[in-house]
Structures are given as C-alpha cells and as structure tokens.
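Along the sequence shown, the residues carry numbers beginning at 1.
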Amino acid sequence: MIGVGKMKQYTNVLDKPLSKGKQEVSLSAFAFLFSELVQYNQTQVDNIAELERRLEDAGYAVGARVLELLCHRDKGNRRETRLLGILSFVHSTVWKVLFGKVADSLEKGTEHEDEYMISEKELLVNRFISVPKDMGTFNCGAFVAGIVRGVLDSAGFPAVVTAHFVPMEGQQRPRTTILIKFAEEVLRREARLG
C-alpha cells in the first residue's frame with residue numbers, strides 16, 4: 001500500500017512528546033486576540049493603572065507557564081540559580097520563544113544596584129495598539145512586564161517589574177523598557193553565592 005507507514009498511536013495527549021518544531025502564531029491572530037484582551041479589561045476598570053495591573057496579571061500567568069515549558073524542553077527540568085543567568089535566560093531564550101528574536105538590550109541600572117532593564121525598540125504588544133489621548137501614558141508593555149515577572153517569580157527571583165516608554169531621538173515611537181527591580185532577598189542570596 002502506498003503512503004502507509006507505521007505511526008505510533010498515542011492513547012493520551014500527555015503521552016505525546018514535546019517537539020521543538022516551529023510553533024508560530026499568525027501575527028494578525030495574535031494582534032486580534034491581544035486587542036480583545038485589552039478591550040475586555042478596559043471595560044472592567046476605572047483607570048489606566050488598574051488596566052495595566054490587569055494586563056500584568058494576565059502576563060504573569062503566561063510567564064509562569066513559559067518557564068515551566070522551557071525548563072522542561074531545553075534544560076532537562078533544571079532552572080537558573082544565579083541572577084545573571086536568569087536575566088540572560090529571559091533576555092535571550094524566553095524573548096526568542098515569545099517574540100522570535102532576542103531582546104534589543106539588557107542593561108544594569110546605574111543608579112541602583114538591584115535594577116536591570118530589558119529594552120525593545122518596537123515591542124510586539126505595542127506595535128498595533130493606538131492609545132487614545134484620554135489614556136495618555138497607557139503602555140501595553142505591562143503584559144510583557146507580567147510575563148517577565150512570572151518567569152522570575154517562578155524561578156525564585158522575586159521582583160517588581162514595570163514597563164516604561166523611553167523617547168528616542170529621531171524615532172516617532174518611543175522604545176519600551178522593562179524595568180526589573182529585584183527583592184532584597186535575591187541580592188543577599190546572590191552575594192552569598194558570590
């Protein structure tokens with residue numbers, strides 16, 4: 001018989017192996033779903049800060065699951081234990097899985113020892129969003145900040161993560177900076193590991 005080969009039959013979806021194949025989502029489908037997420041949450045809140053918090057909470061759940069998946073697939077269920085290791089993991093591996101490329105930059109804050117910044121010139125979640133004048137400083141990057149916080153918290157690196165617009169000379173749109181401020185316990189542990 002032509003075209004008939006032996007294919008392994010799985011009785012349960014959990015028995016199927018996790019392939020590393022290209023798992024891309026259509027950009028228009030993502031933009032539509034994300035737009036709906038923003039619009040739904042916008043009807044549930046009274047101010048911009050609350051809307052950003054709800055987007056961050058949605059992103060947090062995604063981040064926790066992304067960490068589990070990537071640790072299982074790529075690291076044999078091992079997680080990073082050092083501060084620079086987890087930041088590099090977020091900046092490169094997590095960003096590449098979520099956005100198809102490594103983040104533009106990862107920098108240490110100059111004013112505070114516990115601050116790091118991940119910058120992106122054109123963050124995907126801000127690309128197709130037009131913010132009305134009455135919403136002023138609203139930044140959909142709060143969703144990505146939530147993803148980063150979910151990854152960090154789940155890996156044992158509690159932090160406050162926020163998204164900010166940073167104006168750039170010669171650019172119409174500002175770049176988005178994800179500001180990560182680690183908890184004091186993370187810095188103490190890092191100093192102990194030394």
Side-chain angles (χ1 to χ4, degrees), residues 41 45 47-72 74-126 129 131 136-169 171 173-194:
N41 283 307
V45 299
N47 59 40
I48 295 169
E50 183 68 17
L51 177 57
E52 287 180 343
R53 189 196 60 75
R54 287 180 71 114
L55 288 177
E56 185 182 339
D57 289 347
Y60 183 90
V62 172
R65 287 172 177 84
V66 164
L67 177 70
E68 289 296 322
L69 179 66
L70 293 178
C71 284
H72 180 70
D74 298 342
K75 295 180 164 278
N77 289 326
R78 287 177 285 139
R79 293 188 181 171
E80 294 290 342
T81 58
R82 301 300 301 264
L83 183 65
L84 290 179
I86 194 68
L87 285 170
S88 177
F89 177 72
V90 170
H91 169 261
S92 58
T93 307
V94 171
W95 222 263
K96 192 178 282 186
V97 166
L98 294 176
F99 305 115
K101 68 180 194 78
V102 175
D104 291 340
S105 69
L106 171 64
E107 304 167 19
K108 184 175 174 49
T110 56
E111 295 177 14
H112 301 284
E113 187 72 22
D114 59 349
E115 289 184 348
Y116 291 83
M117 295 167 278
I118 298 175
S119 295
E120 187 71 40
K121 284 183 186 169
E122 194 170 342
L123 192 62
L124 182 65
V125 296
N126 286 331
I129 300 292
V131 179
T137 61
F138 174 63
N139 188 344
C140 287
F143 181 74
V144 177
I147 292 173
V148 171
R149 189 172 66 90
V151 169
L152 293 174
D153 275 2
S154 297
F157 293 87
V160 175
V161 183
T162 53
H164 304 277
F165 284 128
V166 178
M168 292 174 48
E169 287 186 34
Q171 298 284 339
R173 296 181 69 124
R175 77 175 182 203
T176 303
T177 298
I178 306 297
L179 180 65
I180 304 165
K181 186 172 178 62
F182 286 101
E184 189 64 35
E185 66 189 69
V186 173
L187 299 177
R188 281 196 305 267
R189 181 179 66 211
E190 189 68 19
R192 245 190 353 262
L193 294 173

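- The structure places CZ of R175 at 6.0 Å from OG of S105, a figure rounded to the nearest 0.5 Å.
- Of the possible donor and acceptor atoms, one in the side chain of E190 sits under 3.5 Å from a partner among the backbone N and O of L83.
- Shown here is R65, whose CZ atom has no more than 12 heavy atoms of other residues, nucleotides or ligands within 6.0 Å.
- Contact of the F182 side chain with the L87 side chain is registered, since non-hydrogen atoms from C-beta on lie closer than 4.5 Å.
- With respect to the salt-bridge test (charged N to carboxylate O, under 4.0 angstrom), the residues R53 and E50 qualify.
- You'll find the side chain of I180 stays beyond 4.5 Å of the side chain of F157, heavy atoms only.
- Atom-to-atom distance recorded for I178:CD1 and L106:CG is 12.0 Å, nearest 0.5 angstrom.
- How far CG of L55 is from CG of N41: 5.5 Å, rounded to the nearest 0.5 Å.
- Annotation for D57 and R149: closest pair OD1-NH2, 3.8 Å, computed over non-hydrogen atoms.
- Considering all non-hydrogen atoms of both residues, E52 and A142 come closest at O-CB, 3.5 Å.
- Within a 6.0 Å radius of NZ in K101, more than 12 heavy atoms belonging to other residues, nucleotides or ligands are found.
- Under the 4.5 Å side-chain criterion, counting only non-hydrogen atoms from C-beta, V166 is not in contact with P174.
- The CD atom of E115 lies 12.0 Å from the CD atom of E107; values are rounded to the nearest 0.5 Å.
- Annotation for F138 and F165: closest pair O-CE1, 3.5 Å, computed over non-hydrogen atoms.
- Contact between A163 and T176 at its shortest, heavy atoms only, is CB-CG2, 4.5 Å.
- A donor-acceptor contact shorter than 3.5 Å links the side chain of K108 to the backbone of E113.
- Of the possible donor and acceptor atoms, one in the side chain of N126 sits under 3.5 Å from a partner among the backbone N and O of C140.
- Between V102 and W95, the closest heavy-atom pair is C-CD1, 3.9 Å.
- Residue G63 comes nearest to V151 through the heavy atom pair O-CG2, 3.3 Å, listed as atom of the first residue, atom of the second, then distance.
- The NZ atom of K96 sits 10.5 Å away from the NE2 atom of H91 when rounded to the nearest 0.5 Å.
- L152 CG to L67 CG: the interatomic distance, rounded to the nearest 0.5 Å, is 9.0 Å.
- Proximity of a side-chain donor or acceptor of S92 to a complementary backbone N or O of S88 within less than 3.5 Å is detected.
- Between the side chain of E56 and the backbone N or O of A145 there is no donor-acceptor pair closer than 3.5 Å.
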